[in-house]
Amino acid sequence: MNIQSAINKEVFIPRDERMLVAVEVRRRKRKRVPFLPTGGRGDYATFICISVTNKKPPQLLITKVKRFTGSTSFTRRSQWTVEQLRQVNGINPKKDCPEFDLVFDNTLDEWVASSSAEKCIFVQILYHACQTYWEGKSGILGKAGTPGKSDTLGKSGGPGKSGRARRMTLDSHDIQAGPSDPLAPPAPRSRSLPDRRKSYVPPRQTEFVNCQSKLTGDACTMNLVIYRCKAFFNRMKTEMVASRGRPQSKGRPGQRLPGRTMGSVVQRANLALGERGEKLSRAEDKTVELMHKAQQFADTAHKVT
């Protein structure tokens with residue numbers, strides 16, 4: 001099970017939410033509180049997650065999740081709604097970079113993702129999730145104020161059940177405060193649907209600035225596939241580099257291994273790492289070739305449309 005599946009299972013599913021994407025980040029400028037001791041950099045790992053609730057109307061949420069060193073569990077730290085997210089700053093609109101900023105109502109978070117591909121996946125999914133959320137929320141306005149069957153008169157010419165109830169309510173109002181009472185307050189007039197639409201002020205949507213057009217424009221599905229491939233190979237490369245620093249034996253330092261010398265162990269390890277490096281290089285070359293073909297396909301499709 002990968003990290004995203006583990007976070008979704010442990011943090012979001014118990015809260016009746018569904019995680020869309022998660023990215024591992026670290027702060028560009030580390031926050032320090034003067035009266036608190038600062039810990040080391042390896043104390044915990046931070047993840048920024050995008051989730052949506054399963055209940056209707058759905059809510060789009062941004063959650064900060066942490067996993068402390070030596071622990072396998074994840075802890076939910078902070079959570080914001082998409083209405084509180086004012087701006088997403090991609091830092092550099094001309095090239096891929098791992099830096100991005102999230103501006104909320106009362107805070108500014110400056111992050112660095114684990115890779116440029118991870119950041120691009122996060123921004124792209126967040127952008128389209130915001131577009132879907134705001135479009136769905138604006139559609140609720142058109143459904144508001146639609147009269148039901150109980151508010152209409154019967155087809156036979158006489159008032160229906162709701163008409164009789166309305167007439168009884170008006171009669172009781174006239175009895176309590178008749179027209180001869182000059183101090184009686186005027187009855188409130190119900191606003192029509194066009195008036196409510198005119199007075200409706202749409203909420204301020206999230207602003208995406210300094211983001212590459214390929215993250216918010218056409219051919220987004222193809223770009224998402226390319227970035228997922230890049231992120232996968234970046235993780236493979238990170239695991240390969242980490243495996244080089246691991247000891248090959250679990251014995252004590254200086255202990256002689258039975259049946260083989262330390263030189264043969266090092267030689268075999270170097271040979272295995274060399275073979276893995278060659279395979280990884282071939283895989284990266286194939287990825288670049290696939291990326292160029294996908295870009296050509298996207299350009300051709302854009303010209304056709």
Side-chain angles (χ1 to χ4, degrees), residues 1-53 61-80 97-102 104 107-123 125-126 227-228 230-257 262 265-266 268-270 272-273 276-277 280:
M1 181 183 296
N2 57 13
I3 294 180
Q4 296 199 16
S5 300
I7 295 175
N8 186 37
K9 182 179 180 180
E10 184 174 344
V11 178
F12 295 101
I13 291 180
R15 298 178 178 273
D16 199 18
E17 299 177 13
R18 178 170 54 90
M19 192 186 72
L20 302 179
V21 66
V23 59
E24 184 176 358
V25 296
R26 59 179 176 84
R27 292 190 182 275
R28 294 208 306 272
K29 298 179 181 179
R30 192 172 181 84
K31 292 183 178 180
R32 294 183 179 180
V33 182
F35 54 85
L36 291 178
T38 57
R41 292 189 175 183
D43 292 342
Y44 57 83
T46 306
F47 301 88
I48 302 297
C49 309
I50 306 299
S51 64
V52 62
T53 59
L61 304 172
I62 299 97
T63 308
K64 185 192 299 182
V65 177
K66 292 185 178 182
R67 183 178 65 177
F68 291 89
T69 303
S71 175
T72 58
S73 60
F74 298 90
T75 305
R76 187 174 71 97
R77 284 298 184 180
S78 305
Q79 192 173 61
W80 301 271
C97 65
E99 296 86 3
F100 67 97
D101 295 343
L102 298 179
F104 297 95
T107 184
L108 166 63
D109 289 336
E110 299 177 343
W111 299 111
V112 179
S114 56
S115 65
S116 301
E118 297 281 355
K119 172 242 183 171
C120 292
I121 293 173
F122 176 82
V123 172
I125 293 179
L126 176 59
Y227 284 126
R228 287 189 184 276
K230 287 184 177 180
F232 173 73
F233 287 114
N234 285 333
R235 286 194 294 267
M236 287 183 59
K237 184 184 294 184
T238 303
E239 292 178 358
M240 289 289 298
V241 173
S243 64
R244 292 180 181 179
R246 297 174 184 172
Q248 298 296 325
S249 62
K250 297 183 179 180
R252 297 179 180 178
Q255 182 180 3
R256 187 173 181 180
L257 298 177
M262 188 61 65
V265 174
V266 175
R268 291 181 182 180
N270 291 333
L273 290 176
R276 291 182 182 180
L280 183 59

Side-chain touch [X]/[Y], heavy atoms, less than 4.5 angstrom:
X: N8; Y: E17; value: no
X: C97; Y: K119; value: yes
X: I121; Y: V23; value: no

[X] side, atom [atom1]; [Y] side, atom [atom2] - distance, nearest 0.5 Å:
X: T46; Y: R67; atom1: OG1; atom2: CZ; answer: 11.0 Å
X: Q79; Y: S51; atom1: CD; atom2: OG; answer: 5.5 Å
X: F100; Y: L126; atom1: CZ; atom2: CG; answer: 9.0 Å
X: I62; Y: I50; atom1: CD1; atom2: CD1; answer: 5.0 Å
X: M19; Y: L61; atom1: CE; atom2: CG; answer: 13.0 Å
X: N2; Y: I7; atom1: CG; atom2: CD1; answer: 9.0 Å

Please name all residues satisfying side chain to side chain contact (heavy atoms under 4.5 Å, CB included) with R26, sequence neighbours left out, ordered by chain then number.
V112
For R77, what residues pass the side chain to side chain contact (heavy atoms under 4.5 Å, CB included) criterion, not counting sequence neighbours?
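Only K64, K66, F68, T75 meet the side chain to side chain contact (heavy atoms under 4.5 Å, CB included) criterion with R77.
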Walk me through whether R28 and W111 qualify under side-chain contact (heavy atoms from CB on, under 4.5 Å).
CA-CA 6 Å; R28 294 208 306 272; W111 299 111; 5.8 Å; no
Mind listing the closest non-hydrogen atom pair of [X] and [Y] along with its distance?
X: C49; Y: A22; value: SG-CB, 3.7 Å
X: L20; Y: R18; value: CD2-NH1, 3.4 Å
X: E24; Y: A45; value: OE2-CB, 3.8 Å

Criterion side-chain contact (heavy atoms from CB on, under 4.5 Å) on T53 and D16, from CA distance to verdict:
CA-CA 6 Å; T53 59; D16 199 18; over 6 Å; no
Listed by chain and number, what are the side-chain hydrogen bond (donor to acceptor under 3.5 Å, both in side chains) partners of E110, not counting sequence neighbours?
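Checked E110 against side-chain hydrogen bond (donor to acceptor under 3.5 Å, both in side chains); zero matches.
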With under 30° as parallel and over 60° as perpendicular, where do the rings of F47 and F74 fit, or are they tilted in between?
perpendicular
Test side-chain contact (heavy atoms from CB on, under 4.5 Å) on V25 and F122 and set out the steps.
CA-CA 11 Å; V25 296; F122 176 82; over 6 Å; no
Report yes or no: does T69 contribute a side-chain atom to a donor-acceptor pair with the main-chain N or O of D43 at less than 3.5 Å?
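Flag set: sc T69 to bb D43 pair under 3.5 Å.
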Test side-chain contact (heavy atoms from CB on, under 4.5 Å), reference L102, set I48, T107, L108, output is I48
